[in-house]
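Scroll down for the structure; my scribbles are underneath it.
Heavy-atom basis, side chains included; hydrogens, waters and symmetry copies ignored. This is a predicted model, so every value here is computed, not measured.
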Amino acid sequence: MQAPLELHPDRFFPVEPSVRAIARTLFARIETLPIISPHGHTVPAWFAEDTPFEDATSMFLWPDHYVHRMLYSQGVTLAELGIAPNGGTAETDRRKCWKRFAERYYLFRGTPSRTWLDHVFAEVFGLKLRLSAETADLYYDTITDALKKPEFRPRALFKRFNIEVLATTEGATDLLKDHAKIRSTWDGRVITTFRPDDVADPDREDFAQNLATLEDLTGENTHVWGGYLKALANRRAFFRAHGATATDHGFPTAKAADMSVAECQRLLDVALRDKLHGSEAEMFRAQILTEMAKMAADDGMTMQIHPGAYRNHNPWLFANYGRDRGADLPMRVSFVEPLKPLLDRFGNDPKLTIILFTLDESNYARELAPLAGHYPSLKLGPAWWFHDSPEGMMRYFRSMTETAGFYNTCGFNDDTRAFLSIPARHNLYRRVTCAYLAELVATHRLDEAEAAEIAVDLAYNLPKAAYKL
Amino acid sequence: MQAPLELHPDRFFPVEPSVRAIARTLFARIETLPIISPHGHTVPAWFAEDTPFEDATSMFLWPDHYVHRMLYSQGVTLAELGIAPNGGTAETDRRKCWKRFAERYYLFRGTPSRTWLDHVFAEVFGLKLRLSAETADLYYDTITDALKKPEFRPRALFKRFNIEVLATTEGATDLLKDHAKIRSTWDGRVITTFRPDDVADPDREDFAQNLATLEDLTGENTHVWGGYLKALANRRAFFRAHGATATDHGFPTAKAADMSVAECQRLLDVALRDKLHGSEAEMFRAQILTEMAKMAADDGMTMQIHPGAYRNHNPWLFANYGRDRGADLPMRVSFVEPLKPLLDRFGNDPKLTIILFTLDESNYARELAPLAGHYPSLKLGPAWWFHDSPEGMMRYFRSMTETAGFYNTCGFNDDTRAFLSIPARHNLYRRVTCAYLAELVATHRLDEAEAAEIAVDLAYNLPKAAYKL
Amino acid sequence: MQAPLELHPDRFFPVEPSVRAIARTLFARIETLPIISPHGHTVPAWFAEDTPFEDATSMFLWPDHYVHRMLYSQGVTLAELGIAPNGGTAETDRRKCWKRFAERYYLFRGTPSRTWLDHVFAEVFGLKLRLSAETADLYYDTITDALKKPEFRPRALFKRFNIEVLATTEGATDLLKDHAKIRSTWDGRVITTFRPDDVADPDREDFAQNLATLEDLTGENTHVWGGYLKALANRRAFFRAHGATATDHGFPTAKAADMSVAECQRLLDVALRDKLHGSEAEMFRAQILTEMAKMAADDGMTMQIHPGAYRNHNPWLFANYGRDRGADLPMRVSFVEPLKPLLDRFGNDPKLTIILFTLDESNYARELAPLAGHYPSLKLGPAWWFHDSPEGMMRYFRSMTETAGFYNTCGFNDDTRAFLSIPARHNLYRRVTCAYLAELVATHRLDEAEAAEIAVDLAYNLPKAAYKL
């Protein structure tokens, strides 16, 4: 007998009946609100071209680094999932790849991946049995067949999912042709986000080359510090013209700097000619953060700072399979001291919005909530990446709210490249929000009317406001 | 319709009915115990002079950095609250200031400030509707009128609040005239605490000047290390004579040192003549911690160590509005290695009591509970400052108790300059204590008689013993 | 009236009735499964000689550093417990020592020591009143009398406790004579674990002497890097021949290195001739970790890494009473960057099993779960030492599972030298496991059949597999 696949209407809610009842009532108020997805990594070509997705394996296994990492940790190679290494071969039978995943689906017990996937399987594809070795074929066929239908094309799903706005993320030299096409051919609101790490991190091998491209695109001399900044401002304007309301910065640390132009020029010279040493490269990125804050104060774009990931920790995997295979790992970070040079200059500007994220939860109560609860320019992003999960969100709410309140946060963002999981992730966030708020109501810290207002604010109003959508 | 203001009798208790019942029973045993407030920042002149407080704005908004920080984080300037910057002007209509606060009271949802304020509004002023734009005038008038009555004077409130002892905090060169007056004119027990940071932290601009004052007051030569230590001992004795039973030390880190007298003299020379570099200033403070432990072992005063605050993080705010405006921010700290030189000398002395506090909760289970669960001289202070909140206290209990037990802690201290909030804070602490204990009883980790004994110990006996009151 | 001692059948289970019912059902499935104890510190001579334990004091007080630390923190000296300092004397009346403990038993309220002790008192000795000053004699007599009976001898208790396999831990130069005797005279499975810190940590005073012993035992030249490694491999083989399936490494940090042979030889030369400086000693140990991983990849032994203890923090206590008196204290540690040199070489080997432990819980969600959720060679050890407790385990499950899943963990190990507490510790672990799983079922994150399978895996299958038992 196969285990049923059922999405229980009370999932993730507190268990005590009176609290669960409050959570239900709150959730009913927000369950069907439009989705605001202000930060993510879906592919704009999907919406520009609206071509059908291919099959279960290419849709669920290939782009999802959460799936890669878990299967890889248990000895499954990426080639066995159909992903070929550089210059090598991989399993070509996609159904076989899917089965390898299906028979190991128990590995995901207790993880948010299981929650997201079950949600998609049940809600989008109408599957009624849990994924397992036995149901692998049923799943593969059901999904692959469904994907051929017009209502499973990207634009149709976007409407079905009730997405009001979806932001993708592009590098600074991207020409944004897909976004242009989307705007000229469709009424779905898909916007870009300006992520200039490729032209701002001198540790990247392609840094000099990217600056050459930047120079070509903007006509500014990127070998001169002032020209380089003008080129960045120029690209910000180009992104704004394509709908962007925000920028995103994913450096290893949150270090900011406020150096002289002469020192900046010296670092730029070395970075373009040769290679900056570790600490100098960090100072270069640190200066960029401050410059980006300055430009944000000027042009009104919301600035997102996501520090703390050790990218490509596994050199063998990186050499053979490249980026985004689940080998990015969190590190300890700080904010209070590192961000000070930036905050000294721009922290008191209430028109500026800087959203901080962390993978190091020890910062929640110690640094992030106190910072956001003081500086007018700072807001807290949601529990992120590894912490975008029921327990992770609960720790976030419990640690942040008492010091920062709700109104220095900005609701949820799904940060995903798995388009179909977007409603699943927002659904989970909304459920956990209601679970937390129900607890506050049941322990008489809020009344129900206040909780309902907060639930709507977190699900809808706060992200709209923080990202100026 | 205005929302009612009600303090639910079961607030902060667990929700499951059987656990809530245990919490209620425990709380009934401790709710009305006298308040022991061994560490705080109320103004001794209030009790020496017993002049009435003025109005809602000057009482609730002006002294409370929790209120400043939250409103400031949402774009309200301090001038708009009636607080003038250096050389500038501020709103003079206090009612208007109050309204600005009232209409943003929703910002405090989910924060302990809301809990404390609601408690004071309801219990002290008998207000029955929640604070909002609509009730701003009602509040302003009710509070301002009440403050004119004799029963709202500081001494009357002290008695009404059932405070058995209240400690204030004064710098080393304070003449303690208010305390002398209190003792000679009133039977309320208000004592001082010796906080010598002003004469012990060479990073302060007024360090040399403070040492000159110290020299004048004590007749000891503070330019000589031995004389400087004698002067400190002299002031400790002066404070003890004015009721002090404890000292307090708020340096950036918990680093202690055990240097030669020659090296101490060298650092003192530089500090008085010029300025110590960062690491030398830290070594100076580190030595002071050890000297203070030595004097505490001699004179029996309880020693409090509060590291980890980055003071005056916002230079613009500091330049314009000075200290204590909500811009002190926590930093990562350690205890196990930094405190070792002090513990090597005095850690094994069971007559010495050193109370450790932290703003970095990652230390709770990792360092503080293991330290206090081993060294006879060490005790744990309560969840402090940003963590003086329902979730913060719960994390404290859950993280500390299993390793340190209850009897290496010392109950609660409110650490507040908001006099009226003292009963609110102790009430909250007692409720959360009972919530935690009820959980231990309901999961059969303690029986109810033990839990009741612990509840009384935490609320009353342990702070009295730790502070020798 | 004395308080009763009762082990409630629902202890540690969630309180809400429907969740408690799920926990009960799950626990019934695993309560009586055989005990797998793959990591601990019991004394092999107990099982080799099977001589009776002596009395309550020598059995419960003398070997248990959890008991020492708590009593010591409250001013009880070790001499008062009957433990003599070097060259000194101690209380010789063991009953008096026991009374000192008994009258302070309230200090252990809320700690896991209380849980373990109560379990042993009730289950092993049939005591029905709680330990206190009044019942001290009853306890002393009951326990001391029982220990004279054959069914209380080590081998009988081992069988009664339903222990399938028990691992002890021995230094690299141990001759394993007790283990040889156990194997030749008894069918109980007691195996050793290879812990080479004594010949791998150049900070130990006896390092050179231990290498001389190692040379004698193996015939390899331990003054030459290659010979030294061969000697280590030789001892691994010797331990494997005596049943060992695992190694254990307890260095201060998790730092690994991958240095040239020339540099290794240079450090070995200095270490043998003189003394390595702090950072060089760390590099030596760091290289050993990588060498041990290499040997583990070759010989198939499971490798355990336990960093983060500051050993013998209290110099007075160490000088007078030696090691393991409760003065080992946790420090902040990291894994992601420090382990990289080892992982770069061996992290992708799915046949290698490296089990990571921490005393710094901030690593759970930030570093350990992401590492184990990616690298095929890595698994997570259970909540350890100070965190082997209801709250500690719950934090572990909540922080680790969402990123690592259940199948990158390896169940429980008791890590104890208190033989009688082994069933108590496994019982507690199994209860907390069921409490956590019941919560996942009640919030519809797992179904009950899955939860039951996971409960059995955590209690039995995963530790057997991870340690190749």
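- Separation of atoms NE2 (A:His374) and CE (B:Met70) is listed at 12.5 Å; rounding is to 0.5 Å.
- By number of non-hydrogen pairs under 4.5 angstrom with chain B, the leading residue of A:Gly373, A:Pro17, A:Ser399, A:Gly405 is A:Gly373.
- The nearest pair of heavy atoms linking B:Pro315 to A:Asp344 is CD-OD1, 3.0 Å.
- Residue A:Ala451 does not touch chain B at all, counting heavy-atom pairs closer than 4.5 Å.
- Among the candidates B:Pro4, B:Gly308, B:Ser73, the residue making the largest number of heavy-atom pairs closer than 4.5 Å to chain A is B:Ser73.
- A pairwise comparison of heavy atoms in B:Val15 and A:Ser18 identifies CG1-OG, 3.7 Å as the closest pair.
- A donor-acceptor pair under 3.5 Å is absent between the side-chain atoms of A:Arg398 and the main chain of B:Arg395, judged by distance alone.
- Below 4.5 Å, heavy atoms of chain B meet heavy atoms from A:Tyr375, A:Pro376, A:Lys379, all part of residues 375-394 of chain A.
- Shortest non-hydrogen contact noted between B:Gln74 and A:Asn408 is NE2-OD1, 2.8 Å.
- Options B:Arg114, B:Glu6, B:Glu16 differ in how many heavy-atom pairs under 4.5 Å they form with chain A, and the most are formed by B:Arg114.
- Inter-residue side-chain proximity for B:Asn314 and A:Leu343 is flagged as unmet; no heavy-atom pair is nearer than 4.5 Å.
- For the residue pair A:Thr401 and B:Thr111, the shortest heavy atom distance occurs at O-CG2, 3.7 Å.
- At least one side-chain heavy atom of B:Arg130 sits under 4.5 Å from a side-chain heavy atom of A:Glu450.
- The environment of NZ in B:Lys128 is sparse: at most 12 heavy-atom neighbours from other residues, nucleotides or ligands sit within 6.0 Å.
- In this pair, A:Tyr407 and B:Tyr106 present their aromatic rings perpendicular. The plane angle is above 60°, beyond the 30 to 60° band.
- Interface summary for chain B: among A:Glu361, A:Glu337, A:Glu453, A:Lys340, the most heavy-atom pairs under 4.5 angstrom belong to A:Lys340.
- Options A:Pro350, A:Ala365, A:Pro14 differ in how many heavy-atom pairs under 4.5 Å they form with chain B, and the most are formed by A:Ala365.
- Residues of residues 435-448 of chain A placed with any heavy atom under 4.5 Å of a heavy atom in chain B are listed by number as A:Tyr436, A:Glu439, A:Ala442, A:Thr443, A:His444, A:Arg445, A:Leu446, A:Asp447.
- With a 4.5 angstrom heavy-atom cutoff, A:Ala372 touches chain B only via backbone atoms.
- Contact annotation for A:Thr403: both backbone and side-chain heavy atoms come within less than 4.5 Å of a heavy atom of chain B.
- Proximity to chain A is limited to the backbone of B:Leu359, based on heavy atoms less than 4.5 angstrom apart.
- With a 4.5 Å cut-off on side-chain heavy atoms, A:Ser362 and B:Arg332 count as touching.
- Around CZ of A:Arg29, the count of heavy atoms belonging to other residues, nucleotides or ligands within 6.0 Å does not exceed 12.
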